[in-house]
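Heads up, the thing below is written out as structure tokens.
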Amino acid sequence: MLDTLLMALGLMLILEGLLPMLSPRRWRGLFEQMLKLQEGQIRFFGMLMVLFGLVVIWLLA
């Protein structure tokens, strides 16, 4: 179980690092746009990401 969790964490870090590595200028622009969002918008986006992750896990389990 711990091995799977660490593998998932490693994969997440790889995926999160791809955009800044391949296109730092675009990543910076996206980050600047995110800084302009209201707290409620950020929370909503975070909720959508959590729900999407849960759906993916549910479909694969």
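Counting from 1, the numbers follow the sequence of the chain as shown.
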Tell me, please, which residues at least two apart from Arg26 pass salt bridge (Lys or Arg N to Asp or Glu O under 4.0 Å).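 In terms of salt bridge (Lys or Arg N to Asp or Glu O under 4.0 Å), with neighbours along the sequence ignored, Arg26 is linked to no residue.
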
What pairs with Phe31 under ring pair (Phe, Tyr, Trp, His ring centres under 6.0 Å), at least two apart in sequence or on another chain?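 Testing Phe31 for ring pair (Phe, Tyr, Trp, His ring centres under 6.0 Å), a comparison that skips the adjacent residues, returns Trp27.
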
Hey, any chance [X] and [Y] share a hydrophobic cluster, counting ILVMFWY side chains that come within less than 4.5 Å of each other, even indirectly?
X: Val50; Y: Leu9; answer: no
X: Val56; Y: Met49; answer: no
X: Leu19; Y: Leu35; answer: yes
X: Leu15; Y: Leu22; answer: yes

Salt bridge between Arg43 and Glu39, side-chain N to carboxylate O under 4.0 Å?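 Salt bridge between Arg43 and Glu39, a charged N being under 4.0 Å from a carboxylate O: yes.
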
Could you pull out all residues at least two apart from Met47 that satisfy side chain to side chain contact (heavy atoms under 4.5 Å, CB included)?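 Listed in chain order: Phe44, Leu51.
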
So, taking the atom named NZ in Lys36 and the one named CD1 in Ile42, what distance separates them when rounded to the nearest 0.5 Å?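 Atom-to-atom, Lys36:NZ and Ile42:CD1 are 13.0 Å apart.
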
